[in-house]
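Chain A is the first sequence line, chain B the second, and so forth, proteins listed ahead of strands; every chain is numbered from 1.
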Amino acid sequence: MQHCHKMSRREWLAASGASLGVLGAGIPANAAAPVSPVSIAKCAGYDRDVTATMAAQLDQIGGISSLVRGKTVTVKLNLTGGGRFPGYSPGQTHWVHPQVVGACCHLLGKAGARRIILAEGTYEFESMEDKFLDGGWDVKALRNAAPLTEFEQTGVRGSGKRYSRIKVPKPYIYPAFDVNHVYEDTDVFVVISKMKQHEECGLTLTIKNMFGATPVSIYGDDAGVDEPNEKARESRELICHYGKRQPSKSAPAELDPKSNRYEGYRVPRICVDTAAARPIDLAIIEGIETCVGGEGPWVKGAKHARPGLMIVGRNAVCTDAVTTAVMGFDPRAKGGEGPFNVTFKSHVDPGDTKTADNPMLLAEAVGLGSADLKKIEVAGVPIKDARFDFEAYRTGRNG
Amino acid sequence: MGINDRVAIAVVGLALLSGPAHAIQPERWIPLRWPHAAPYSPETLELLRGTPINCVLVKWTQGATASDEARRSVRAFAEHARSLGVDVLGVVTAEDLAHGCTDRRESGLAGVVLQGAFTDAPAALAEFRRSAPAGMPVVFLSPGSPRPEGIALFGSLEGAEARVRTTEGDAAVATPSSEPWIDTNLSLVRSMIAARGRPVWLGSSLEKPPAADCFRTIADVAAEGGRWVISPDVSFLEELRRQKPEAVAAWRRISSYLEFFEKHSEWRGLSPAGGLGVIQDSAVKDPEVFGETLNLLMRRRVPYRIIPRPSLGTASLDGLTAVLSTGLPAPTDAERALLAQFVERGGLLVAGSNWSKVRNSAGAYSIVPSGKGQAVVYHEELPDPETVARDMPSLFGRNRLAVRIFNGPSVLCPARISSDGSRMLVQLINYASLPAEDVTVRVAGAWRTARILSPDDAPADAVLEQTGESVQTRIRNFKIYAALLFER
């Protein structure tokens with residue numbers, strides 16, 4: 001696991017446990033968190049040479065041949081829910097675009113990956129092929145992008161005989177997760193995410209994308225009480241967002257059922273827990289086109305935008321931090337500030353208004369990676385030249 | 001019945017006696033509602049020349065205030081229409097019956113349209129029907145009123161403008177796991193035809209119903225074998241008369257849509273496809289809730305056919321794998337036995353709480369296995385339509401649906417099949433203002449060929465791809481309507 005860094009108990013307490021209580025006031029930088037270069041590239045459209053752009057970026061961060069040659073590579077996508085922004089395909093707004101996924105598969109295959117598994121959880125136990133078709137994707141082209149490309153729907157047990165248990169080294173909420181086997185039975189784990197804001201969590205980048213690795217059969221609203229419900233189709237509101245119930249008893253329960261039930265507290269921590277339990281080897285964030293103001297068309301005020309950017313890095317936290325800066329935000333913003341100033345009414349106390357915590361600082365605190373821009377080497381386009389101010393665009397100040 | 005009623009009905013009958021002599025075929029009428037404020041000028045009628053429209057609805061009586069000139073203009077209008085092969089029908093409301101058509105004489109009308117609520121004038125209505133001239137076609141656009149016998153065709157003014165409903169700007173209403181809200185008439189037409197037979201007209205009671213872009217609504221209603229009553233407003237007719245290019249283009253397109261569905265009138269003989277039967281009974285506890293269930297099933301793209309309760313029998317269940325009986329209040333012993341046998345043999349029955357007292361789940365329904373099949377019993381007698389529609393694809397089995405579409409959130413796909421199963425018609429209706437692109441259509445079964453037909457484009461062969469026990473094809477682009485005709 002490349003990001004793992006052994007910390008002393010004192011470091012750990014300083015970085016995580018003790019700081020948990022002061023997250024709202026900010027967390028000190030974890031000097032021991034690993035750092036890895038991040039590449040920023042401009043890419044004006046999906047009809048441009050996305051593959052060549054991504055290839056150059058992968059070279060800028062040290063290449064991937066040694067990482068993937070002869071290996072099984074699982075690629076977690078970011079397809080999220082349905083609905084459309086009128087006139088745009090999902091890939092242009094709130095899903096990763098098939099051109100980017102195809103380019104990634106092609107480059108992984110070219111670099112020698114033996115087998116590529118495209119993975120994502122879908123609603124209503126829809127197969128991956130059908131989900132792709134629902135986005136207007138050319139499934140055949142995707143299959144042909146690399147020598148052996150497979151699809152796995154990870155919202156359920158899928159093709160595995162059983163779920164895999166992945167442990168969280170330094171957990172916030174859950175000590176371990178039961179997930180689809182592809183998250184364990186893989187040599188390399190790649191996450192492709194959309195560069196987006198999020199209505200409740202502030203941002204949807206690599207760390208937030210890991211939320212979707214939890215199977216709805218165990219963590220969905222209609223998950224089985226004792227065993228997974230392989231026909232589950234609900235989202236993860238009750239268990240993950242609100243903590244109103246526990247996952248199926250077959251999976252580990254959360255550490256402290258009496259901890260804060262507020263989703264702005266829980267979801268960022270659960271995302272960090274999943275990202276820690278399933279270490280990410282390569283993070284690709286796609287913002288060639290996207291939406292601003294929310295993670296999908298169901299968010300009031302969200303709209304389409306063309307940042308024309310791709311960001312790639314080996315460390316998920318570093319990659320998210322650079323992307324956050326490119327989006328015009330401070331990656332070290334305290335909970336409730338900057339992109340995390342997403343005030344909404346708490347379900348715990350409807351009279352109270354809450355905000356979200358910063359998952360990058362949470363991840364840094366447990367040693368997943370640094371969110372400190374001063375330490376992160378940026379290759380390709382400098383941050384200042386790549387900046388696409390999401391809030392300014394959303395509010396019409398520059399767009 | 002009051003004296004006014006008697007007078008009115010007598011005069012109505014008298015006036016219609018002098019109607020046209022040429023053969024009248026209500027089933028072939030393609031209707032247009034003449035705007036009340038528009039002049040009954042024969043020259044304006046020329047706008048219908050070259051279009052398939054062959055039936056015009058005019059407000060027949062304007063009560064005792066109608067002038068001789070007004071009466072003469074209507075008559076001249078009707079006579080000129082007849083020379084164009086167009087029948088003119090007089091629209092009569094309950095108020096007209098009450099206040100009389102006393103100054104009406106020779107009308108030249110080919111039939112009458114009873115429109116609106118007649119619930120307060122049942123006696124007048126019955127007398128009207130009794131005294132009406134033999135053979136006089138009557139169109140009944142009054143779904144909520146007692147329905148007299150001998151009606152040529154039924155209809156409703158409760159039709160909706162077919163479209164994706166929008167909120168702010170052009171942002172469609174949606175949630176992470178749902179799709180845009182589509183206003184459609186598909187289930188209403190299907191339900192009306194199942195209950196009353198064809199033909200069925202649907203119109204709108206809006207003050208200014210949209211005409212210039214009603215192609216989608218024409219397709220929406222025609223896809224189920226009904227006819228949309230085109231209702232131009234005065235300004236649109238005036239723009240047409242002045243040959244304003246936009247109006248002329250819209251008019252041509254309306255005409256081409258009407259022509260398309262008349263050209264393929266044999267499609268009306270195909271039956272709704274799908275393995276789900278929905279029992280429909282006029283005595284259902286809450287017709288609106290049941291109607292919404294049909295509507296949402298259509299919007300969830302669950303292919304179904306309606307089984308009118310009087311037709312419920314062994315033959316009506318042939319070929320079905322599931323039956324939805326939430327619309328069947330208090331099943332009789334015979335109906336209960338029939339459906340129980342259906343389940344025993346492996347069928348899926350989805351019923352309301354009147355089917356069984358079993359409650360083995362805290363969820364919305366309990367599952368009661370029986371023989372080779374099972375009953376899904378909702379804990380409410382008439383469960384929430386959204387719940388039923390949402391549950392049905394998974395209860396039925398998504399992969400067993402006769403037709404599925406992908407990448408078409410604004411597209412519905414009513415499907416029809418020939419009685420011998422050799423032809424399947426999948427109609428794609430796009431309710432969004434932007435074209436539908438890269439829509440994949442998957443049809444269960446072994447189909448050899450498929451032809452794409454549309455009022456907007458030349459016919460073409462579809463490229464079929466085998467996928468499991470289905471075939472699928474990708475439609476690159478269509479604007480409003482495209483039909484895929486599959487053949488074995």
Measure distances from Glu437(B) to the heavy atoms of chain A and classify the residue's part below 4.5 Å as side chain, backbone, both or neither. neither
Which pair of heavy atoms, one from Asn407(B) and one from Asp134(A), lies closest together, and at what distance? N-OD1, 2.9 Å
Do Arg398(B) and Asp130(A) sit within salt-bridge range, that is, some charged N less than 4.0 Å from a carboxylate O? no
For a quick test of reading the model, state the closest non-hydrogen atom pair linking Gly136(A) to Arg474(B) and the distance between them. O-NH2, 2.7 Å
Tightest non-hydrogen contact, residues Arg390(B) and Glu234(A), listed as NH1-OE2, 3.1 Å
Proximal component of Lys231(A), with respect to chain B [non-hydrogen, under 4.5 Å]: neither
Decide if atom CD of Glu469(B) counts as having more than 12 heavy atoms of other residues, nucleotides or ligands within a radius under 6.0 Å. no
For Leu133(A), which of Thr467(B), Thr440(B), Asp438(B), Val439(B) qualifies under side chain to side chain contact (heavy atoms under 4.5 Å, CB included)? Thr440(B)
Which distance, rounded to the nearest 0.5 Å, do you find between the CZ of Arg404(B) and the CD of Glu126(A)? 6.5 Å
